[in-house]
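Here is the structure we will look at, set down as structure tokens.
Being a predicted model, the structure only gives us computed values, none of them experimental. Every number for a ligand or one of its atoms is a count from 1 in the order of the listing. For the single chain, residues carry numbers from 1 onward in sequence order.
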Amino acid sequence: MKKIKLIILACLMPFLSFAKTVYLDQLDLGYMLQDWGIPLANKSVMGTSLQVNGVKYERGIGSHSVSRFLLNLEGKAKTFSGLAGADDHNDFGGNLEFQVLADRQLVWSSGTLCKGMPAVPFNINLKGVKKLALLIKESGDGIMYDHADWLNAKIETSGSVTPEPVMPKPRKGEKYILTPCPDATPRINSAKVFGIRPGSPFLYTIAATGDRPMKFSAVNLPEGLTLDPETGFIRGKLIKQGTFNVILKAENSVGQDIRPLRIEVGNEICLTPPMGWNSWNCWGLQVNDQKVKDAADYMARNLINHGWTYVNIDDGWESGERTSEGVLMGNEKFPDFKDLGDYIHSRGLKFGIYSSPGPLTCGGHLGSYQHEQIDADTWAAWGIDYLKYDYCLYTQVAPVPTEEIIKEPYTVMRKALDKVNRDIVYCVGYGAPNVWNWGSDAGGNQWRTTRDITDEWNVVRSIGFFQDVCAQATRPGKYNDPDMLVVGKLGLGWGARAHDSYLTPDEQYSHISLWCILSAPLLIGCDMNEMDEFTTNLLTNDEVLAVNQDPLVMPACKIITENGQIWYKYLEDGSVAIGFFHANPYAIYWDQTDDVQSRKYKFDLDFKSIGLNGKYTIRDLWRQKDIASSQTSFNTEVPYHGVTFVRLIPE
Ligand code: GAL
């Protein structure tokens with residue numbers, strides 16, 4: 001009898017379902033998509049125990065906004081319960097919000113939370129719900145330190161709980177080229193304004209595309225400067241403060257270009273965002289003299305005509321100890337910095353270096369702590385033009401990082417740089433929260449507004465699209481720095497194998513367009529020897545770069561729309577640059593048959609809504625072509641994660 005019962009039960013097994021409890025931390029967290037770090041089971045995103053408002057929790061998931069998790073419940077779940085809160089292990093807690101969506105409907109929100117607030121309980125009825133999406137939003141305060149925990153979170157169900165991809169895996173796509181080849185006739189592309197302190201060595205390269213040989217000349221060049229007619233390098237020194245309006249001319253066998261250059265001799269330098277290369281993302285600590293020379297050679301051959309200037313060494317150049325006089329020299333990979341500086345300058349380029357206010361840099365090399373002046377003097381003697389100063393192990397000197405404390409060592413180095421007889425662009429290389437409130441006061445020309453960028457769309461999007469929070473801090477000589485460009489061949493800086501940027505071509509067009517609208521410093525982070533045609537093309541569109549280099553440096557503005565974001569910036573000549581970006585940080589891929597990547601996304605803009613009356617010619621900047629005239633509005637269709645980038649020219 002017992003045997004028969006067992007046989008019947010075994011036959012019925014597939015049709016019976018038992019209630020069970022599934023904890024979130026038991027699921028495959030590989031499906032959880034978040035903007036920073038890796039989601040951890042039963043630990044905070046920092047790897048510490050889960051703790052909210054002083055209370056420790058055994059179970060849950062430590063995540064970070066923006067976070068998305070999509071679960072298939074088969075319509076068999078009963079409830080989802082637990083708590084949600086901002087984790088205590090976080091130096092700078094930002095605002096965040098948890099949301100639960102059941103079959104696309106919002107069914108629960110935690111409201112805005114931040115570190116120090118108690119965890120909020122929830123108990124959601126899931127009757128009939130097929131798919132559940134868990135979201136953590138970043139609440140728009142621009143502080144990207146949102147460590148967020150789902151606590152004791154569990155689903156009561158009689159079926160299974162299966163995580164699904166939140167978004168489709170981005171298709172690599174064709175690397176399609178948009179930038180047309182430059183004309184044979186000259187076109188001057190270098191910045192229209194140049195700032196210099198009295199007495200500092202002057203180097204300005206007239207960047208121009210067009211057939212060679214080309215002859216350069218200038219009208220009203222102030223006394224103290226000389227122009228090399230073959231290379232277009234202007235060198236010398238200016239002693240008197242004031243404004244000098246110069247006319248630059250470039251001519252070749254097929255034509256000429258004439259363009260004004262305003263030279264401002266005073267206290268402000270770097271009047272348009274720096275454009276250059278930095279060794280970190282491709283070489284990490286393995287950077288050496290030859291790699292830097294190779295980068296300079298590539299820039300001089302292929303990029304200089306478009307305004308690219310700086311060749312910057314990041315961490316990894318420092319020797320193991322200082323000399324008995326306290327001087328920090330290069331290690332065995334850098335035999336002669338003065339020689340390297342001359343090599344770079346002789347190509348009309350500029351030379352950058354890296355250090356930290358702490359005793360050690362982030363890469364474990366010696367920093368400038370208590371040697372600020374001696375280091376500034378050494379760099380000036382080497383011909384350094386740019387310093388990235390990264391906070392790193394200053395945390396050992398000042399363990400409690402308040403804004404005032406972080407700012408202090410930056411001011412110390414500022415004073416040291418002021419005493420040297422060279423103009424050194426100063427990068428406050430640390431993405432401290434609200435750094436834009438004090439970066440300029442500390443004497444920075446640019447300040448990192450974020451944590452390190454990587455070549456994932458999620459990261460590029462989350463960094464780039466929050467820059468409206470700090471946009472008002474932008475002005476000539478003062479730039480928010482959303483970190484380096486993640487295009488081309490990247491890798492070692494992050495310990496990863498060298499690889500082509502993981503961004504799709506459309507994502508790369510969006511990345512460059514956005515950084516240009518933001519007036520962000522443009523620092524290429526890839527191996528220049530391996531730069532393919534697509535990447536070179538992406539970085540040499542003079543009309544796109546002109547938006548970045550516009551002398552007004554107006555703060556960029558953002559409008560959120562159904563399909564993404566519209567960003568715009570007013571330019572000096574009365575025109576307006578506008579980018580239409582497909583981006584939805586909170587998108588969930590509900591319908592697996594829905595091919596979101598091949599769809600186009602619609603945008604409409606009535607120019608009156610951004611204060612523009614009158615009629616405009618619309619110019620497509622990537623294609624360098626007028627696409628409509630006499631317009632009062634514009635609509636466009638944008639590819640998945642892509643951009644339409646235009647300039648409105650008043651008629
Ligand atoms: C990081 C910085 C990187 C790189 C690195 C060097 O803090 O964000 O861009 O400079 O240090 O150790």
Quiz prompt | ligand 1 atoms in contact with D315 (distance to a heavy atom under 4.0 Å) | solution = 6 (C), 12 (O)
Quiz item: Is the charged tip of R414 near the ring of Y410: under 6.0 Å from the six-membered ring centre and within 45° of its axis?
Solution: no
Quiz item: Nearest to atom 8 (O) of ligand 1, what protein heavy atom do you find, and at what distance?
Solution: D452 OD1, 2.4 Å
Self-check item: Location of contacts on R451 toward ligand 1, heavy atoms closer than 4.0 Å
Solution: neither
Quiz item: Tell me, which protein residue and heavy-atom name are nearest atom 10 (O) of ligand 1, and how many Å apart are they?
Solution: D314 OD1, 2.6 Å
Practice problem: Assess the pair F534 and Y509: is the distance between their ring centroids shorter than 6.0 Å? | Solution: yes
Quiz prompt | Test applied, ring-ring contact (aromatic ring centres under 6.0 Å, His included); reference residue, W317; option that passes from Y354, F351, F334, F337 | solution = F337
Exercise. Mark up the atoms of ligand 1 that fall under 4.0 Å of a heavy atom belonging to K388, in ascending order.
Key: 3 (C), 4 (C), 9 (O), 10 (O)
Quiz item: Considering only protein heavy atoms, which is closest to atom 11 (O) of ligand 1, and at what distance to one decimal place?
Solution: D390 OD2, 2.9 Å
Quiz item: Between H147 and H64, how do the two ring planes meet: parallel, tilted or perpendicular, split at 30° and 60°?
Solution: tilted
Self-check item: Atoms in ligand 1 flagged as close to G363, the criterion being non-hydrogen separation under 4.0 Å
Solution: 12 (O)
Quiz item: Relative to ligand 1, is Y354 under 4.0 angstrom through side chain, backbone, both or neither, heavy atoms considered?
Solution: side chain
Self-check item: Ring centroid separation W457 to Y502 under 6.0 Å
Solution: no
Quiz item: Mind checking whether F92 and Y145 have parallel, tilted or perpendicular rings, split at 30° and 60°?
Solution: perpendicular
